[in-house]
Number of protein chains: 2
Amino acid sequence: MTRPVHRVAPATDTPVRQESLRAHNLSLTFRQIVGAPAPISRIELAVATGLTRPTITRIVDELLAGGLIVEAGPARSGNSGRPRVGLSLAPTGPAGLGLDIRVDALSACVVDLTGTVRHLAFAPRPPAAADTLARLADMGRAAMAAAAAEKLTVVGTTLAAPGPVENAGVVRFAPVLGWRDVDAAAALRHALGEVMVDNDAGLAALGELYASAPALRNFVCVSGEFDIGAGIVLEGALLRGARGWSGSLGHVAVTADGPVCACGATGCLQHYAGLQQILAPAAPAAAPAPAVAIDILASSGDRDTLAALDRAGTALGVALSALINIIDVDTVLLGGSYSLLASWLTEGVERELNRRVLTASWAPVSVRPAPLGPDAAVIGAALSAIDRVRQDPNSWLARA
Amino acid sequence: MTRPVHRVAPATDTPVRQESLRAHNLSLTFRQIVGAPAPISRIELAVATGLTRPTITRIVDELLAGGLIVEAGPARSGNSGRPRVGLSLAPTGPAGLGLDIRVDALSACVVDLTGTVRHLAFAPRPPAAADTLARLADMGRAAMAAAAAEKLTVVGTTLAAPGPVENAGVVRFAPVLGWRDVDAAAALRHALGEVMVDNDAGLAALGELYASAPALRNFVCVSGEFDIGAGIVLEGALLRGARGWSGSLGHVAVTADGPVCACGATGCLQHYAGLQQILAPAAPAAAPAPAVAIDILASSGDRDTLAALDRAGTALGVALSALINIIDVDTVLLGGSYSLLASWLTEGVERELNRRVLTASWAPVSVRPAPLGPDAAVIGAALSAIDRVRQDPNSWLARA
DNA sequence: AGAGTTACGTCAATGTCTGTAACAAATTCG
DNA sequence: CGAATTTGTTACAGACATTGACGTAACTCT
């Protein structure tokens, strides 16, 4: 009856010393500043973190010296007494660089510590992989220069790619681009330094996460570009799966014995809700920006397009019901191109969710367009790059 | 000599003081002992944790005094020198209590620190909810008494329930039992103290996780009892979702326009792969242990049953493909009753996974029966209760 | 203008952990 | 039997964060 036991997810595998204690409290305090909706004073920090005022003073000094935060003017707190000095994130200093490969364009984005987009550029996408990567390197260098001009230092770069990515570097499979096993991280390393590569749908979800005003914590963001991908955020963290290949929603079966898909399976969501498939009946010659074309056709009352949108919404709802039954989230964001088409899709999605999600009667799932829309992935990529500093400012302080 | 660089501990929301430092290092050391395949000496602990020998000595003293570990006899390490003293988990001290409500029976289980099952009992399930809970309370008390007789103290209790659970206490919906919104934690609190309630499929996955010999880290365990549930383990942690309602695989659509299910939707997996549905064509009068009945019928070559099993395997494969496309895991365990039927199901499941999982060609998904089978949920429940002590021994030490 | 109030900084005292180094124990080998 | 070797313990010093008390700054109200 003896059963051996083996290790499970540990808290941390490293020993801690006094030094790490200090680093931890510093990072804790910094995260409070990051998360505060408005400039926050030292006293408020002391209350929020549970640390004492002298400790906060010391930590704040360190953050100020490192250029990570700035003091705002004094702000009234109560009626009398010395006003509090607001502390907020510095608009200069570290920044994150994001790159995105979309069907219709390449884009680059720089965000600062506060999450503000400081630079956003687009360029056409060359057909060949090598040209695409070279162009991205150029855009990255240009973005870094633009950042430097505003006293920003790029501390990390993330590339969003439309397909499953392995080891944060190799794009396994990207049908739109015709890529297979492209080591994008290696190709960009020379020009841009270390580059993390991640799935675009996941990064779009991260973008929406960081940008969400009443912070979302559990949601899925469906990005409908060429491929349909889902970025799943649980407890404020992106779900990457065992090998980072989560979120291939496009190849979830809606009808097991449906029509054959390019992937070899049958009845995939892609077939019902892919942009090309929605557009096809009305305009066989694909337009450069299919989502816009679909929106125009639908607005003009085109029956084929409206019918296709209805099918797409229903199919999306079926696949999302599977997703939510499998992993419970309370919000669906229609992202990427779908954000432009949300008004045509939401109804069908909601209908299926209400029918099919087992727990819908206790806690209805909210469906809405993603605020950042098609730019969410670049912005998310840049934010994920800067977020390493936001979560652990010590790396930046150690550098200086 | 250069001092090793130590990364900050994790993103916790609490401040750390010297005291927590001590607690962290103690818990780190203890987890090493837990994870070691054989008794481990102080020196080995020092190497494994990165702490110094004096520190290890102090921590080990504390663990010995607290009764969490015991010294084994000296063991040869090299040829000469003082032999190492092996340290291993104490077979007495804290224990976890698990309870499970199954269709066919109630069960209770006690595991000790080492993960060994020390007590396992079954009882018939009364039809009414109140009776069921009263019986469970009795079984829990009996198990606690049995544990005490072996010098074990139950430090936590977990109840596995067949349905979505809210706030670790309220069973929202359990069709087999006819339960809706039953506050099981409250009902058992008086007899057993604080009880955590969780979904049975998730706990079964945890059971398989803790018991897996070459440790699994990313897998899904499908439990087919009355309801089909999936427990998803990612990086050694159970995925619970926003409200703990993850894993309702039974109501994932296999064919969107399929037959109507009891839940109100159409084409649910439950309809194709539920035990009752597999059994129905051959033996309309449900046997007490459907899985056994199915196995016997199939072994005897019953055509209807074989056909039903084929349909079930295929449907399971479709739903699991959706799951794996959505969240990437590399292993599927056929658990619960399915473990008994694995030989009839595996082929169909594998076929569909290979067709439908987008990344199957790079990394095939392994499908196999779950070693613990139908008892995984109780054992997992008990293990999850004791695991709190294993992950953080300080709670136990503080008590004494 | 002065009292009252709140915010923030500084200093010494305290406690606790780690690391180094010397020391004690237990066993093998010549 | 004693030297060598490895394991485990004790003693001391160094480092660092927290606490608490006191002092200073800034602003409002009377």
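Numbers restart at 1 for each chain; the letters A, B, ... are given by sequence-line order, proteins then strands.
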By side chain to side chain contact (heavy atoms under 4.5 Å, CB included) - contacts of [X] (at least two apart):
{"X": "Val34(A)", "result": "Phe30(A), Leu89(A), Arg390(A)"}
{"X": "Arg58(B)", "result": "Arg22(B), Thr55(B), Glu62(B)"}
{"X": "Ala211(A)", "result": "Leu372(A)"}

Specify the separation, in whole Å, of atom [atom1] of [X] and atom [atom2] of [N].
{"X": "Ile40(A)", "N": "dA7(C)", "atom1": "CD1", "atom2": "P", "value": "13 Å"}
{"X": "Leu26(A)", "N": "dA17(D)", "atom1": "CG", "atom2": "P", "value": "10 Å"}
{"X": "Leu45(A)", "N": "dC8(C)", "atom1": "CG", "atom2": "P", "value": "9 Å"}
{"X": "Ile59(B)", "N": "dT18(C)", "atom1": "CD1", "atom2": "C1'", "value": "11 Å"}
{"X": "Ile43(A)", "N": "dT5(C)", "atom1": "CD1", "atom2": "C1'", "value": "12 Å"}

side-chain hydrogen bond (donor to acceptor under 3.5 Å, both in side chains) between Thr57(A) and Arg53(A), worked out: CA-CA 6 Å; Thr57(A) 293; Arg53(A) 264 119 47 182; over 6 Å; no

Is [X] close enough to [N] that one of its side-chain N or O atoms is under 4.0 Å from OP1 or OP2 there?
{"X": "Asn25(A)", "N": "dT18(D)", "answer": "yes"}
{"X": "Arg22(A)", "N": "dC16(D)", "answer": "no"}
{"X": "Thr52(A)", "N": "dT18(D)", "answer": "no"}

Could you go through nucleotides 9-12 of chain C and list every protein N or O atom that sits under 3.5 Å from one of its N or O atoms, giving the distance for each pair?
residue, atom, partner, partner atom, Å
dG9(C), OP1, Arg42(A), NE, 3.4
dG9(C), OP1, Arg42(A), NH2, 3.3
dG9(C), OP2, Arg42(A), NE, 3.0
dG9(C), OP2, Thr57(A), OG1, 2.9

Got a sec, which pairs hit salt bridge (Lys or Arg N to Asp or Glu O under 4.0 Å) with one end in residues 146-159 of chain A, sequence neighbours left out? Arg118(A)-Glu150(A)

By the salt bridge (Lys or Arg N to Asp or Glu O under 4.0 Å) test, which pairs, at least two apart or in different chains, include something from residues 34-52 of chain B? Arg42(B)-Glu71(B), Glu44(B)-Arg84(B)

Taking dT18(C), dG8(D), dA26(C) as options, the one with an atom nearest any side-chain atom of Pro83(B) is dA26(C)

